[in-house]
Amino acid sequence: MTFATIILYCFIGLTLLSALYIAFTKNVLYAAFALILTFLGVAGIFMLIGAGFIAISQILVYVGGILVLIVFGVMLTNRLKGQQVTTPSYNKLLGLLVSGGLLFIFYKAIIEANFGAIKWIESAQPESPGLESFGMKLMTDYVLAFEVIGLLLLLALIGAVKIAAGARKEVEDAS
Amino acid sequence: MISLLQSNNASDLKDQLGNLSEDVWMLAPEISVVIALLLLLGFDLLFKKNKEIGLASIAFCGLASTFVILTFQWTNFSTDLMIMGNLLRYDQLSVFLKLIFSLGGALGLIIAARNGEKNNLFQTGESLVILFGLFLGVFLMTMATNLLMIYLSIEVVSICSYMLTGILKGKRKAEAALKYLLFGAVSSAVMLYGISWLYGFTGTLDVTSQAFISGLSEVSVLPLTIALIMTIGGIIFKLGAVPFHIWSPDVYQAAPTAIVSIFSTLPKLAALTLLFRVINVLPAGLFDWQLILGVVAIASMIFGNFSALWQKDAKRMLAYSSIAHAGFLLVGLVAYTEAGNTSMLFYGAMYLVMNVGAFLLIAILERRTGSAAFDDMRGLGMKMPFLGILVVIVMIALTGLPPTVGFNAKLYVFSAIWEAYQVQNNSILLWVFILGLLNTVVALFYYLKLPYYLFFKTGEKTVLEKSSIPDHIWGTIMVLPLLIWFFQSEWLMNVLNSINFVF
Amino acid sequence: MPVEHLVILGAILFCIGLFVVLTRKNAIAVLIGVELMLNASNINLVAFSHFDPDLLQGQVFALFVITVAAAEAAVALAIVVKVYQYFQTADLDKISELKG
Amino acid sequence: MIELKDLLAPNAFDPLIYWILALFAFPLLSFFTTGLLKDKASVWSSLLLGINTCISGYIAVTYWGEMGTSLKGTWFEIGGTVFNYSFLLDNAALIMLVIVNFISLLVHIFSAEYMRHDKAKPRYYAFLGLFTFSMLGIVLFHNLLFIFIFWELVGLSSYLLIGFWFEKKSASLAANKAFIMNRIGDLGFLTGLMILYTQFETLDLGAIEFMMGESQIEDGNWVVTYFSNGKEVIHVLDGRWLSAAGIALFCGAVGKSAQFPLQIWLPDAMEGPTPVSALIHAATMVAAGVFMLSRVFVLLDAQALEVIAIVGAITALMAAVAALSQFDIKKVLAYSTVSQLGYMVLAMGVGAYDAGLFHLFTHAFFKAGLFLSAGIIIHQLHGLESEGVKFNTQDMRVMGGLKQHLPITFACFVICSLSLAGLPGFSGFLSKEAILINTHAWSVEKGGGYYLIELMAFATVILTAFYIMRAVMLVFTGKFRLPELTGVSDIAGKLKEGNRTLLIPVVILALLSLSFAFGSTFDAETSWLHKAVETPSGAMVPTKYAAVGQAEMLESAGADHIWLAVVSIGLALAGIIAALLIYKPGAKLAEAFDSKREPVSPLVQVSFYHWYQDVLYTKVILKFILTQSKMLAWFDEKILDGCVNLLARTQVVVAHLTGMFDRYIIDGFVHLTAFTSGKVGQLTRSIQTGNVQTYILSAIAMLIMLLLWFAF
């Protein structure tokens, strides 16, 4: 076992533990902060299996963007007056049953599929491609998808601003 | 490293870019939609007041030019092509669907224009811009053959749909948007997970490639089933069929009628096309998708129809009916024959016309009474006999009775499945056939509820507004084809028969 | 390092995400769950992409997933804010006027 | 070997298609345009119908002949399967064409006066136009799919016309009843179509007839061989499917032609305007079932025919008994119609195709005549009603002695009645005689219990004569009972004969009920009409399953011809004389009649309540339906209100279990009270639907179920 592998397992452990913490904490803010750890763990995994750019995007977009949004969301939808921002949970047993059952099925399937023995994976020589080729891919093969996602972000921005901006005034008008 | 070098090779790159820029011509309709979108955005930013007419004209011109381009593509169609680096497939099926989508979109906008609600779609540019984003999404859905493109186009449609549901004022709209979004996010996560496994099995995202097919053939049953069902699940969410149908009644009830008329048609048909494309590449005997989709179709028909029986709101009833129609649409797909494909497409096209027509009439009635609840529509038919008769015709068409084209559509899909049963002898086909027919009978009861309330109940409610001539004209334009095509379904059939389904 | 381990990690993450989605009352907590589910898929995609260095399809896909997630989160939070204005709560069990 | 494509191939262009289109166009035009006209509606639509009648007359004369002219064309093609349309104008269709148009025209004219004061007159005429249009479809098309479509349209227009006065609760109830009964029958029809389509891959009747001729019964299997798109196909079905197809198609006729056990809608259908009853519920629509049977005659095998004969005989007898004791004049005529339809069906069942159709044609005239005469009476009596004076204008107890007031109506009514009773010299005699002879021949051939059928047919003769004479006596003889009942003495003087618009159609119909109109006085065989419709040759029916050849039967029974005629005339006379004696003015029963309110004697009650069939249906079937709908409601509540509810319920159970677990084991007994109450509150909230997480939960749960089902 090389040093990199050990680190990889550390990151896997970090991801799992923080995810489990999210599952069982009652405090939404804590959950949000645990989410940072999860994202960092996943980013670390990405980095170690040769997807450096994705790792950086993960940190930038998730930690820098989505998480900030979530924290803002928590702030906006709770009256913070000293007390903790908690969220009660329900459906616990049924949720556990469904997700646990699903996990069991997944586990069986993963064992059965034996991913390591799948032909194309077996015959491949894992290596880390350069950032340059990644950029080239984006601008050639996936240029359409790239344009579309750009447009989608624009639309989401417009829509989100429109929906959130008018909300308070709208409610006042209605009441 | 050799391959890397190759793609860096300057002349190769030039070739590739050259190919891409050639492919751009195939995307002319999409580009036209995007241009319209940007114009709307610009117009909205430049002007402050009285924007309705400008926005409306840009929107209609955009759709019209798209339609013209598509007609041009249809008439000059030469051969099926994979374009944009195998992300999309340019074929007659997609061109045809986009043609009817642009028509359906225009009809939806007409409903919005006729609806005259206070917070009209045309008053602010944002909602129109997002609506055009949705058009772009459904256009791409009809062409996508790459898992990435499938995911992306579905997401474009979904995110635009969430926003459209919640963008206008109203408590219920906000609630529906939130539910829609959460449900949709989970569905797309499920689909994405399935896709990630498919990628793992095959090493490719291109569903048309040989590697994809051979890769799938080597996986054992359980993982394959999981991956495919989860992937198909995401598509079924857009189709609005069981088990991913639960969002639709809430959303349909709350969202503006014009938007709902588009929600209930374009994404459904686009999702059906996606399903069709995915299923067509699956090697025979690998996976009994006929059984799965058969079960989904039966369940959708039963859930949709039986729940619709008890609704008290016309829009909510139509939502359940659209779940049932998703089942009927799947019937043609399940048949898996040439006739099945043609009939599915015919049903889809007719469903679009019928449903948009139904929503137009509901919108008109809604404007009269201020709500879409059945109770408020009592006796309206006597006050407005012409519109009442139009409603009756549309409802008969949705039920699938002669002399409307709804009958032809049901006749085609059911004769297709019956023939398929006789050839393939697969018992699920028989079940689909029998239960489908029984469901048609159930449908009769709730579709005729609206005419019943309109004509046979007396209401005291005063009419808010007199019916106007444009209402009559638009209503007739929407409804007349339903009658004409019953006698002349041949010409559309000829168009559809000319479509090459070979994949 | 066998690829299965990462796939199993993905599966666990997916199920944890699902559990959070199903059990948390707060809409924002539910969104956190959804993000976990999306990350699960991303792990799979990138892990498989490791064996696909020439085409990089998995990595590209993962990048797009991250972007879509960002767009979705933005829209989601806008809608949550709007819902909160109306309902004065973000608890999903209280946001259930439409039913039947 | 036959190629299916060739059978369905469109034939060369024939200008006839323009005439046919015109035939459809005029009633449809009437349907669409009368709504625009207010007072001119009657004139306008009568004019359109007049044109149509002329066209149909012209076509009938031009295309009259042995073989009939057929027209075929392609409707559409889908994935190699051809759906075609075809018309067949043989003699039967031509006669039907003329009858439908002609009687419709007469009814249009009659209604001009009858409906003069109705505000919704345009709607009425529009519906009549729709009805005529759809009836023509049944008559002209020779493809079962199209026949089915128009069959449904006929049902629809009948529904609309029965419920024309939908403000009356009874009218809308009657309309619903007719609709439901017809739909039950149609379900059978549809099943029949499906069986035929499976076997022949087409619903074109011409092609089916041809292939039926080529099909075989081998070892009890029904085998059809033909080429479809160049490939040879052999369809093998159990021979019983052939019988099933025949019986299923007959079910359609049972609904539409009001046969036992679905006949109960027809008496109720009298809630519609009387001219409508004359057109739809006497002359044309109800005959459509019989006409359809004649169209599919080659498909009916011995078993199916037997069922048809038995049902026909039962219907004829039951309805005749029911007609004996009615008070409502239209009810008498309605039951009489059901009974006569039973005769026609019986004729089809015993293989007397020609006699059945013949009776259909003659019945169309005399029954329409009877209904329109009754219409005059009702209309004139209606004219007597005023603010203070209200009575049931259809009740025979308010009539009596109308001979003096309405002499022409009386004459017409009597002529039509005698035709119905079947006295020589009237058209009804010819056709009824033909049916009786054939039934006799059939019974002789089959022997044993089948004589019962013959007995029922003959019993119906005497009953028919009796009830129609009873009606004549009660309505026209004796003294006018209305003045006494209402207490207004001068009311009798106001009653006048109907005007010309009312009388002309009735007189025409009465004249057409005389047997000379059909070119024969005594023997049906010599009538031109009877000769025109020929039984399709028996060879087309697979031999083993064939009905006994009609020709042989008739030959064997030929000797009985004369005495059969004598017996039936005797029976009819007996019935008439009995009625004359019993109901002659001053006789005991006639006196007792007007004071009677409800029948007392159990036997009469059986008749009056039509064998309690309605009660039975309400009790048994309605109860069944109610339970059914309760079950559906239950289904909806328990299962469809989502997996959601179900899940929520499971949740309750599971949560109770966890609750108990928590209570007793984990938490011990410490926080028992506080904990449970909190938990329960939480649970009640979690049951609420409309929660998006429950949605997600149920969706994922269903997904997992799918997964498990497919993977394991």
Side-chain angles (χ1 to χ4, degrees), chain B residues 1-4 6-7 146-149 151-152 154-156 158-160 162-163 165-167 169-182 184-186 188-197 199-206 249-254 307 310-313 316, chain C residues 3 7 10-11 13-14 17-18 21-22 27 30-31 33-49 51-55 57-58 60-65 67-69 71-76 78-87 90 92 95-100:
Chain B
M1 280 317 276
I2 298 165
S3 53
L4 253 178
Q6 262 176 359
S7 68
N146 184 296
L147 291 174
L148 171 61
M149 227 33 228
Y151 171 73
L152 204 55
I154 287 185
E155 279 302 309
V156 170
S158 298
I159 292 180
C160 290
Y162 310 149
M163 292 191 285
T165 310
I167 204 161
K169 280 178 196 168
K171 191 176 184 183
R172 296 192 146 184
K173 291 188 175 64
E175 181 192 336
L178 183 62
K179 287 181 178 177
Y180 194 7
L181 183 129
L182 291 179
V186 172
S188 74
V190 166
M191 174 174 78
L192 191 62
Y193 195 76
I195 287 178
S196 74
W197 277 28
Y199 173 57
F201 297 150
T202 61
T204 176
L205 292 174
D206 183 2
D250 289 356
V251 171
Y252 285 20
Q253 192 185 351
S307 313
W310 309 96
Q311 296 311 315
K312 296 188 176 72
D313 180 286
R316 212 171 162 85
Chain C
V3 66
V7 179
L13 218 53
F14 186 86
L18 186 62
V21 166
L22 293 177
V30 171
L31 279 176
V34 172
E35 299 301 340
L36 282 181
M37 289 167 84
L38 291 177
N39 257 278
S41 316
N42 265 357
I43 290 175
N44 281 353
L45 286 170
V46 174
F48 294 133
S49 185
F51 303 92
D52 187 11
D54 169 24
L55 296 166
Q57 301 172 92
V60 176
F61 206 137
L63 185 66
F64 282 111
V65 173
T67 326
V68 168
E72 209 167 51
V75 173
I79 293 175
V80 170
V81 168
K82 182 166 182 170
V83 168
Y84 182 75
Q85 297 293 340
Y86 274 110
F87 288 83
L92 289 170
I95 308 169
S96 52
E97 280 191 359
L98 293 162
K99 57 187 161 191

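Numbers restart at 1 for each chain; the letters A, B, ... are given by sequence-line order, proteins then strands. Both backbone and side-chain heavy atoms feed into the values below; hydrogens, waters and symmetry mates do not.
No other option in C:L18, C:I43, C:V68 has as many heavy-atom pairs under 4.5 Å with chain B as C:V68. When each of C:Q85, C:M37, C:K82 is scored by its heavy-atom pairs under 4.5 Å with chain B, the top score falls to C:K82. Heavy-atom pairs under 4.5 Å with chain C peak, among B:I195, B:N146, B:T204, at B:T204.
Only the side chain of B:S188 comes within contact range of chain C, with at least one heavy atom under 4.5 Å from a heavy atom of that chain. Heavy atoms of B:V156 lying under 4.5 Å from chain C are absent altogether. At a 4.5 Å heavy-atom cutoff, C:A69 makes no contact with chain B through either its backbone or its side chain. Of the two parts of C:T67, neither the backbone nor the side chain holds a non-hydrogen atom closer than 4.5 Å to a non-hydrogen atom of chain B. Using a 4.5 Å cut-off between heavy atoms, B:I167 touches chain C through its backbone atoms (N, CA, C, O) alone. The contact between C:F61 and chain B is made by backbone and side chain atoms together, counting heavy-atom distances below 4.5 Å.
We find the CG-CG distance between B:L205 and C:L45 to be 7.5 Å, quoted to the nearest 0.5 Å. Summarising the geometry, atom CD1 belonging to C:I79 is positioned 13.5 Å from atom NZ belonging to B:K179; distances are rounded to the nearest 0.5 Å.
Between the side chain of C:Q57 and the backbone N or O of B:G203, at least one donor-acceptor pair lies under 3.5 Å. The backbone N or O of C:G58 lies less than 3.5 Å from a partner atom in the side chain of B:Y199, making a donor-acceptor pair.
Tested against B:S196, the residues C:N44, C:V65, C:V46 include a single side chain to side chain contact (heavy atoms under 4.5 Å, CB included) partner, C:N44.
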From CA spacing to verdict: side-chain contact (heavy atoms from CB on, under 4.5 Å), C:L92, B:L178: CA-CA 9 Å; C:L92 289 170; B:L178 183 62; 3.7 Å; yes
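Put simply, the side chain of B:E175 does not reach to within 4.5 Å of the side chain of C:Y86, judged on heavy atoms. The shortest side-chain heavy-atom distance between B:L181 and C:V34 does not fall under the 4.5 Å cut-off.
Between B:Y193 and C:V7, the shortest heavy-atom contact is OH-O, 4.1 Å.
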